[in-house]
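In what follows, a single structure is set out as structure tokens and then discussed.
Just so it is clear, the structure is predicted and the values come from calculations on it, not from any experiment.
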Amino acid sequence: MPARKAEACVMVIFGAGGDLTKRKLIPALCNLVASKLLPEQFAIVGFSGNDFTTESFREQIGKDLKEFASCDVTPEMWTWIAQRLFYVKGDFEDPKAYQALKQQIAEVEKQHSVPGNHLYYLAVAPRFFGEAVKQLGAAGMASEDDGHWRRVVIEKPFGRDLDSAKALNAAIKLTLEERQIFR
């Protein structure tokens, strides 16, 4: 079965300044670009506490791709990716940061004609999983009431043991439906 092109969306990477992002997530997205599996209506918003601007984030990702990409990154591919990279500095526990993120997503949606679908990838320390989901809900960014989908990818480990995994699951289900959660 041939690979299917992804749906239009804004992908938000929590922990965008971290190791997982530069070593795995961005190179994987680069592979999707090389395979023409991402739509034109796609953008990435990085969110972390690092002192990046959108421009310095783009520069850093460009350097990281030279080191970690598993495919040849042509100038055309890099231009396509760089035009779709944005950054918001914020603390995972700060409601004001989520409002800034919400505003940046709205601007990106308009700029790249993204219909309102959001993929949130939590590439953060496990202690932030529940808080990030709670803050997304409080900011109105997890609801699908507008007819668009919202998905949250939670990077492992999902809890330290069975009890903590159950507690985390209960906490995130206060905000998200099961269909929205990818563990």
- Query: Would Lys134 and Glu93 count as a salt bridge (Lys or Arg N to Asp or Glu O under 4.0 Å) if you check the C-alpha gap in whole Å, the side-chain angles of each, and the deciding distance to 0.1 Å?
  - Reply: CA-CA 9 Å; Lys134 180 177 119 183; Glu93 299 172 303; over 6 Å; no

- Task: Quick one: list whatever passes side chain to side chain donor-acceptor pair (under 3.5 Å) with Gln103, sequence neighbours left out.
- Result: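 Glu107.
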
- Set of side chain to side chain donor-acceptor pair (under 3.5 Å) partners for Asp163, sequence neighbours left out: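 Not a single residue meets the side chain to side chain donor-acceptor pair (under 3.5 Å) criterion with Asp163.
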
- Query: Taking only residues two or more places apart in sequence or in another chain, which ones pass side-chain contact (heavy atoms from CB on, under 4.5 Å) with Ser143?
  - Reply: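 Asp145.
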
- Query: Considering residues at least two apart in sequence or located in another chain, which fulfil the side-chain contact (heavy atoms from CB on, under 4.5 Å) criterion with Arg127?
  - Reply: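 Scan of Arg127 (side-chain contact (heavy atoms from CB on, under 4.5 Å), adjacent residues dropped) gives Ala125.
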
- Task: Output yes when Arg151 and Glu177 qualify as a salt bridge under the 4.0 Å nitrogen-oxygen rule, no when they do not.
- Result: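 A salt bridge is absent here (no side-chain N lies under 4.0 Å from a carboxylate O).
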
Hey, are the side chains of [X] and [Y] touching, using non-hydrogen atoms and a 4.5 Å cut-off?
{"X": "Ile172", "Y": "Ile181", "result": "yes"}
{"X": "Lys89", "Y": "Asn50", "result": "no"}
{"X": "Arg150", "Y": "Arg179", "result": "no"}
{"X": "Val33", "Y": "Ile81", "result": "yes"}
{"X": "Leu122", "Y": "Phe128", "result": "no"}
{"X": "Asp64", "Y": "Ile26", "result": "no"}
{"X": "Val10", "Y": "Leu119", "result": "no"}
{"X": "Leu176", "Y": "Lys173", "result": "no"}

- Query: Do the side chains of Leu101 and Met11 join up, straight or via other hydrophobic residues, at under 4.5 Å, putting them in one cluster?
  - Reply: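 As far as the 4.5 Å side-chain criterion goes, Met11 and Leu101 are not connected within one cluster.
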
- Task: Answer with yes or no whether the hydrophobic clustering places Val108 together with Ile13; edges join I, L, V, M, F, W, Y residues whose side-chain heavy atoms lie under 4.5 Å apart.
- Result: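 Hydrophobic grouping puts Val108 apart from Ile13.
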
- Item | Between Gln180 and Trp149, a side-chain donor and acceptor under 3.5 Å |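 The answer is no; no qualifying pair exists.
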
- Query: Side chains of Asn169 and Arg183: do they bring a donor and an acceptor to under 3.5 Å?
  - Reply: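 Yes, side-chain donor-acceptor contact under 3.5 Å.
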
- Keeping to residues at least two apart or across chains, list the ring-ring contact (aromatic ring centres under 6.0 Å, His included) pairs with something in residues 35-69.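 Applying ring-ring contact (aromatic ring centres under 6.0 Å, His included) to every pair that reaches into residues 35-69, excluding sequence neighbours, yields Phe14-Phe47, Phe47-Phe92, Phe47-Tyr98, Phe52-Phe57, Phe52-Tyr87, Phe57-Tyr87.
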
- Task: Mind jotting down which residue pairs meet the ring-ring contact (aromatic ring centres under 6.0 Å, His included) criterion with at least one end in residues 102-124? Sequence neighbours excluded, please.
- Result: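 For residues 102-124, and leaving out neighbouring residues, the ring-ring contact (aromatic ring centres under 6.0 Å, His included) pairs sorted by first residue read Phe86-His112, His118-Tyr120.
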
- Taking atom OG of Ser164 and atom CG of Asp161, what is their separation to the nearest 0.5 Å?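 Here the interatomic distance stands at 4.0 Å.
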
- Message: Applying side chain to side chain contact (heavy atoms under 4.5 Å, CB included) to Arg84 and Gln111, what does each step give before you reach the verdict?
- Response: CA-CA 9 Å; Arg84 288 163 173 75; Gln111 184 177 346; over 6 Å; no

